[in-house]
**Q** 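Encoded as structure tokens, here's the structure I'll be asking about.
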Amino acid sequence: MNPISCNGAFNLKYTVESGQPLTFHSQYSKRDNVEHLEYVTTKGKIEIRLSNSRLSYLSEGGYTRRSAGKEVMERFGLRDDLQDIYKRINTDPFMAKAISEFRGLRITQNDPWETTLCFIMSQFNNIKRIKGIIQRMIGEFGYEFDGIRLFPAPEAIAASDIARIRSCGTGFRDKYIRSAAEQFAHSFNPERLYGMKYEAAKESLMELDGIGDKVADCILLFGYGKKEAFPIDVWIKRVMERTYFNGRKRSVQKIHEFADLRWPGLQGYAQQYLFHYARSRGIK
DNA sequence: ACCCAGGCGGGCG
DNA sequence: CGCCCGCATGGG
């Protein structure tokens with residue numbers, strides 16, 4: 001195993017069980033105080049080990065030791081300075097509790113296409129079921145390489161008929177998935193969004209069929225590392241109204257405006273801590 | 001048997 | 001613009 005270091009606290013369990021894209025195609029286990037994770041990407045397979053705060057990795061498939069190290073650093077946001085982030089988002093007692101409860105939770109940075117597929121799947125769905133669908137899509141459309149079934153490329157799904165996509169259990173999302181796959185394979189250039197500002201990149205994503213305000217923010221946050229993105233789902237809407245608006249209903253637009261003012265540049269980190277805190281407490 | 005889950009698009013007033 | 005509705009599927 002190759003050692004790797006990170007900038008401050010890192011809690012693998014919170015990060016992996018948090019419903020970020022990694023959740024949908026990785027396997028986490030812990031025994032004898034050793035944590036273990038493996039996942040497939042569009043290039044190969046990565047294994048992570050965490051023991052006594054020592055992090056290490058192994059890779060198979062199309063990775064070199066060096067490129068796998070880069071994959072792990074970037075995937076788990078290990079360059080993010082969590083101490084500084086906590087200082088900047090810790091604006092009130094509620095956030096303070098959320099941070100103290102989930103210290104070490106990091107925002108992962110995933111492949112844009114992989115993130116798009118996972119979050120189109122998330123609409124009107126639940127995390128457990130999303131995971132099953134993604135596993136089946138890897139089985140059905142994943143490319144076999146070195147004995148590893150890799151995460152499906154958009155081309156493989158773009159070339160499929162709708163019924164085969166639906167056979168993975170996607171339900172009504174089948175048409176959105178194929179449409180997005182076609183665009184990623186042909187017309188839509190995902191690389192272009194890295195260099196774009198948050199607002200423009202969001203507009204561009206929302207032109208795709210099946211991608212609205214929330215899914216676009218998820219793709220920008222988890223796929224492009226744009227930390228200004230603040231995905232507003234039912235949990236965030238409820239906890240924000242309850243915590244910052246005296247329990248009164250607010251439009252998604254108003255909530256965005258509030259988050260932008262309160263946690264400028266780090267809305268996404270604030271969102272993750274609020275989200276997991278709200279869910280763990282069952283705040284409704 | 002029910003109920004609901006990390007939304008979205010389309011139709012309506 | 002804001003609201004309301006239907007939508008596939010399967011686990012609790």
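Letters go in sequence order (proteins before strands), and every chain restarts at 1.
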**Q** Reading DNA chain C from 5' onward, which residue's closest nucleotide shows up sooner: Q123(A) or K128(A)?
**A** Q123(A)
**Q** Calculate the interatomic distance between F172(A) atom CZ and dG10(C) atom P; express it in whole Å.
**A**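 Computing the F172(A):CZ to dG10(C):P distance gives 13 Å.
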**Q** With nearest nucleotides of DNA chain B determined for Q272(A) and M206(A) from heavy-atom distances, which residue corresponds to the more 5′ nucleotide?
**A** Q272(A)
**Q** Given atom CG of D213(A) and atom C1' of dG9(B), what is their separation to the nearest angstrom?
**A** 14 Å
**Q** My understanding is that only one of I107(A), L22(A), L105(A), T23(A) makes a side chain to side chain contact (heavy atoms under 4.5 Å, CB included) with T15(A); could you say which?
**A** L105(A)
**Q** For a quick check of understanding: with a heavy-atom distance under 4.0 Å over all strands, which category does D174(A) fall into, base, sugar-phosphate or nothing?
**A** nothing
**Q** Using atom CG of D209(A) as one end and atom P of dC7(C) as the other, report the distance to the nearest whole Å.
**A** 17 Å
**Q** With sugar-phosphate meaning primed atoms plus P, OP1 and OP2, does Q253(A) contact a base, only sugar-phosphate, or nothing at under 4.0 Å between heavy atoms?
**A**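 Since no nucleic acid heavy atom lies under 4.0 Å of Q253(A), the category is nothing.
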**Q** Counting only side-chain heavy atoms from C-beta out, which of dT9(C), dG6(B), dC7(C) sits nearest to R166(A)?
**A**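 The closest nucleotide is dT9(C).
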**Q** So which protein N/O to nucleotides 1-5 of chain B N/O distances come out below 3.5 Å?
**A**
| unit_1 | atom_1 | unit_2 | atom_2 | d |
| --- | --- | --- | --- | --- |
| dA5(B) | O3' | N125(A) | O | 3.1 |
| dA5(B) | N3 | N126(A) | ND2 | 3.4 |

**Q** Rounded to whole angstrom units, what separation is found between the NZ atom of K202(A) and the C1' atom of dG7(B)?
**A** 13 Å
**Q** Base, sugar-phosphate alone, or nothing: which one does I211(A) contact when heavy atoms must sit under 4.0 Å apart?
**A**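 I211(A): backbone/sugar contact only, no base atoms under 4.0 Å.
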**Q** Rounded to the Å, how far apart are I134(A) CD1 and dG10(C) P?
**A**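 Atom-to-atom, I134(A) to dG10(C), this comes out as 15 Å.
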**Q** Find the distance K175(A):NZ to dT9(C):P and express it as a whole number of Å.
**A**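 To the nearest whole Å, that distance equals 11 Å.
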**Q** Flag yes if more than 12 heavy atoms outside K175(A) fall under 6.0 Å of its NZ atom; otherwise flag no.
**A**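 Buried by this count: over 12 neighbours within 6.0 Å.
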**Q** Please list, chain by chain and in numerical order, all residues satisfying side chain to side chain contact (heavy atoms under 4.5 Å, CB included) with Q253(A), sequence neighbours excluded.
**A**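 Q253(A) satisfies side chain to side chain contact (heavy atoms under 4.5 Å, CB included) with S251(A), E257(A) once adjacent residues are dropped.
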**Q** Tell me which nucleotide, if any, is Watson-Crick or G-U wobble paired with dC3(B) when both distances must be under 3.5 Å.
**A** dG11(C)
**Q** When you check the gap from the basic side-chain N to the acidic O, do E101(A) and R281(A) get nearer than 4.0 Å?
**A** yes
**Q** Could you check how far CG of L117(A) sits from P of dG7(B), rounded to whole Å?
**A** 17 Å
**Q** What's the shortest heavy-atom distance between N7(A) and R79(A), and which atoms?
**A** ND2-O, 3.5 Å
**Q** Kindly write out the residues that satisfy ring pair (Phe, Tyr, Trp, His ring centres under 6.0 Å) with Y277(A), not counting sequence neighbours, or none if the list is empty.
**A** F94(A)
**Q** Less than 4.0 angstrom from a charged side-chain N to a carboxylate O is my criterion; do E17(A) and K30(A) meet it?
**A**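 Judged by the 4.0 Å cut-off on N to carboxylate O distance, E17(A) and K30(A) do not form a salt bridge.
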**Q** May I have the distance from Y176(A) (atom OH) to dT9(C) (atom C1'), rounded to whole angstrom?
**A** 16 Å
**Q** With P as the reference atom in both, quote the distance from dG6(B) to dC3(C) in angstrom, rounded to an integer.
**A**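 Approximately 23 Å lies between the P atom of dG6(B) and that of dC3(C).
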**Q** Indicate, with a heavy-atom threshold strictly under 4.0 Å, whether G210(A) touches base, sugar-phosphate, or nothing.
**A**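 G210(A): backbone/sugar contact only, no base atoms under 4.0 Å.
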**Q** Would you classify T23(A) as touching base, sugar-phosphate or nothing, given that sugar-phosphate means primed atoms plus P, OP1 and OP2, and contacts are heavy atoms under 4.0 Å?
**A** nothing
**Q** Answer yes when K45(A) and E38(A) have at least one side-chain N-carboxylate O distance shorter than 4.0 Å, and no when they do not.
**A** yes
